[in-house]
Structures are given as C-alpha cells and as structure tokens.
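Structure below; questions to follow.
Nothing fancy with the numbering, it's 1 onward along the sequence. Small disclaimer: the values here were computed from a predicted structure and weren't measured.
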Amino acid sequence: MSEDNLKIALVTGCSSGIGLETALELGKNGYRVYATMRDLSKKNILENQKENQQLDIQILELDVSKDESVKNFFELILEKEDHVDVLINNAGYGVLGALEDLSLQDIKQQFETDFFGPVRMMKNTIPLMKKQNYGKIISVSSLAGKIGFGFMSAYVASKFALEGFHDSIRQELLESNIHMSIIEPGAVNTKFAQNMLLPINPELSSEKKQILKIMKSQTEKILAGSFESVEVAKKIILILNEDDPKPRYLIGRDAERIMIDKNRLSETEFEQSISKFFSELMEI
C-alpha cells in the first residue's frame, strides 16, 4: 500500500487487553498504528507480537490524563503523518469503593483518564479529520455507561459522561464525514479488575479495605471466565468497515441479558437484581 493510501490509526491504552488486541487487529488489517500507553515498561507483549507478525505498529508513550503528554503526542504525529483516519479511545481504569470511602481526588483522577482523556484526544483529532473530511472515532465505554453499579460510582459516572459527550459531538458532526461510535462491553477477560485502584483514603478502616480487596479478587475471577478481548477488537474492525456505523454497540451476552432485564423490570426491581448480583459476587 502506498503512503498516500495508508490508513493511520491512533489507539490509547495498549499495554494489555482491548487496546493491545485492537492495535494488533488494526495492524493485520493494513493500518499503520500508533499504539500508546502510559508506561512503556509494559510494551513487551505488544512489541513481540508486532515483530513476530511484522505489523506496522509504533509504540509511543502517552498519558491521556495529562495535557502536556497529549500535546507532545500530537506534535509528534503531525511531524510523521498528514492525516489520521481512526481514533480508538480505550485507555481507562476503575476505582473501587463506596462514596464515603472515596476522596474527591479519587473521583477527579477517574475522570481525568476515563472522561477527559477521550475529550483531550478528540479535541486534537477532530480538527484534523475535518480538514481531510473523513474519520472514524470509537470510544470504549462499558455496560456501566448505561446503568449504575454500587461501589463503582466514579467509574460509572465517567462512562455516563463520555456517552453524553459522544452523543453531543455526533450532532455537531452530522454534516461531516466523521463517524463516532461507542462500544459498551459487558465483562471482558482483561486486567481491568487486577488494575482496579482502591481509594486514596488514610481513614479507610482495615475492615473496609478487606471487603474491597475481596470484591476486587472476586471480580478478577469473573472476568477471567468472560468474553475475550480479541473478540472486542474484531468487533471494532467490523465497525470501522461499516459505511455508516451506529452510535452504540452493546457487546457480550451478559450485557445484552442485563439490558433486557433493565427494559423488562421496574427501576426498583432492576436495582434489586443488580444489588443481588453484588451480594452473590461476595459469596463466590
């Protein structure tokens, strides 16, 4: 493929899971991929895979929660490329804890990565796509972008905010050839649970810390037996190949089942079913 016809993709959060698999799938499908991660010491898996498969993937440092890091990244991209075809907003994490356990710092940091991270990326990418009159943006939300989960309020709020932001920007771009989609996976076998943070709260009791550690451990067990991240990556490729992609894509049977319950039950009944789920989670 000539340089003029080469498709360029930017992907955040590529050290593991959905981001890593998406970078690889894009590379297999003929994209030049700029795969980014906050900590380059975690690049070995992706580095080895792209070398073994001889894929056009460049691994770069990027912390989407930092203005300066995003600014430096786009300066580098503009030095190397004259267009950007695809942006995949994937970088994110979750903080676990009841509201009274969380500090404002916990909540703000959650938003800096999971909400303002994609905002920063889109603020820099959309003007480029407008100039070329083409582009596709996919942001990785979650089932938690549609319903609330106890002990995950900061994460849930950041995903609700991301989805509302996406809907609004889509309306601004209706007359353009820029397409924006959200994907909403249910449980996926990634390091999400393993990487969950506990509250930054010196007053958190040892009893509460132990409860949260158990919840984190049990969540890891559930994710280990769930939908594989490579399947999410393949779904992203299918969406990119659509001429007119939809605003949202729910991914995973568990997500579909929960949304059926949400539409079938009253709000009170649905909240009780979610609460029961967490109670059972503690007993596994």
Side-chain angles (χ1 to χ4, degrees), residues 12-13 15-19 37-39 63-67 69-70 89-121 139-166 182 184-188 190-223 226 254-255 258 262 267-268 270-284:
T12 67
S15 61
S16 65
I18 294 172
M37 58 190 71
R38 183 177 58 84
D39 183 358
D63 184 346
V64 298
S65 72
K66 306 294 184 186
D67 291 339
S69 181
V70 174
N89 289 310
N90 169 73
Y93 72 97
V95 60
L96 184 64
L99 177 59
E100 63 267 25
D101 302 332
L102 301 173
S103 67
L104 283 178
Q105 182 182 358
D106 289 316
I107 298 170
K108 288 178 179 178
Q109 286 182 346
Q110 180 78 86
F111 267 73
E112 285 294 349
T113 297
D114 286 64
F115 175 67
F116 287 109
V119 171
R120 290 182 180 96
M121 296 301 293
S139 293
V140 180
S141 179
S142 165
L143 179 61
K146 298 184 81 72
I147 62 175
F149 291 98
F151 300 93
M152 292 289 292
S153 58
Y155 177 75
V156 168
S158 70
K159 294 303 186 184
F160 265 68
L162 177 61
E163 297 217 9
F165 186 82
H166 245 253
I182 285 273
E184 300 165 327
V188 182
T190 68
K191 293 183 178 179
F192 178 80
Q194 181 181 331
N195 293 334
M196 272 182 178
L197 298 183
L198 298 184
I200 305 169
N201 185 349
E203 297 180 2
L204 196 64
S205 69
S206 58
E207 181 181 1
K208 281 197 171 182
K209 285 180 181 178
Q210 185 59 29
I211 290 173
L212 292 176
K213 286 179 181 178
I214 291 171
M215 291 185 71
K216 179 177 178 179
S217 175
Q218 304 298 61
T219 305
E220 286 181 37
K221 292 178 183 177
I222 288 176
L223 295 189
S226 61
D254 61 329
I258 289 173
K262 186 177 190 300
E267 288 190 12
T268 299
F270 180 70
E271 286 182 352
Q272 289 171 344
S273 72
I274 295 297
S275 178
K276 181 181 178 183
F277 166 78
F278 275 100
S279 296
E280 292 173 350
L281 174 63
M282 294 290 289
E283 296 171 0
I284 293 175

If I take atom CG from residue L96 and atom NZ from residue K216, how far apart are they, to the nearest 0.5 angstrom? 8.5 Å
Extract all donor-acceptor atom pairs below 3.5 Å that involve side chains of residues 156-163 and protein atoms in other chains or at least two apart in sequence.
residue, atom, partner, partner atom, Å
S158, OG, Y155, O, 2.6
K159, NZ, V140, O, 3.0
E163, OE1, R248, NE, 2.8
E163, OE1, R248, NH2, 3.2
E163, OE2, S141, OG, 2.8

With A154 via side chain to side chain contact (heavy atoms under 4.5 Å, CB included) - residues at least two apart: V95, L102, I107, Q110
Can you give me the closest heavy-atom contact between V64 and T12, atom names plus distance?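 Closest approach of V64 to T12, heavy atoms only: CG1-CG2, 3.9 Å.
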To the nearest 0.5 Å, tell me how far L143 CG sits from F149 CZ.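 If we round to the nearest 0.5 Å, L143:CG and F149:CZ are 4.5 Å apart.
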Does T113 use its side chain to pair, donor to acceptor, with the backbone of G92 at less than 3.5 Å? no
Contacts of type side chain to side chain donor-acceptor pair (under 3.5 Å), residue D67, not counting sequence neighbours: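 Checked D67 against side chain to side chain donor-acceptor pair (under 3.5 Å); matches are R120.
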What's the separation between atom NZ in K262 and atom CD in E271, rounded to the nearest 0.5 Å? 9.5 Å
Compare every heavy atom of P199 with every heavy atom of L212, then report the nearest pair and how far apart it is.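 Looks like CD1-CD, 3.7 Å.
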Please name the pair of heavy atoms, one in S139 and one in H166, separated by the smallest distance, quoted to 0.1 Å. OG-NE2, 2.7 Å
Test item: D106 side-chain N/O and I200 main-chain N/O as donor-acceptor pair under 3.5 Å: yes
Taking salt bridge (charged side-chain N to carboxylate O under 4.0 Å, His left out) as the definition, give me every residue that meets it alongside E100, ordered by chain and number, with sequence neighbours left out.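 Salt bridge (charged side-chain N to carboxylate O under 4.0 Å, His left out) check on E100 returns K208.
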Heavy-atom side-chain proximity of K213 to L198 below 4.5 angstrom: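 Yes, close enough: below the 4.5 Å cut-off.
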Under the 3.5 angstrom rule, does the side chain of D63 hit a backbone N or O of R38 as a donor-acceptor pair?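 Side chain of D63 to backbone of R38, a donor-acceptor pair under 3.5 Å: no, none is there.
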With sequence neighbours excluded, tell me which residues meet salt bridge (charged side-chain N to carboxylate O under 4.0 Å, His left out) with K146.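 Per chain and number, K146 pairs via salt bridge (charged side-chain N to carboxylate O under 4.0 Å, His left out) with E184.
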Got a sec, which pairs hit salt bridge (Lys or Arg N to Asp or Glu O under 4.0 Å) with one end in residues 147-158, sequence neighbours left out? none
Output for pair (S16 OG, Q194 CD), nearest 0.5 Å, gives 8.5 Å
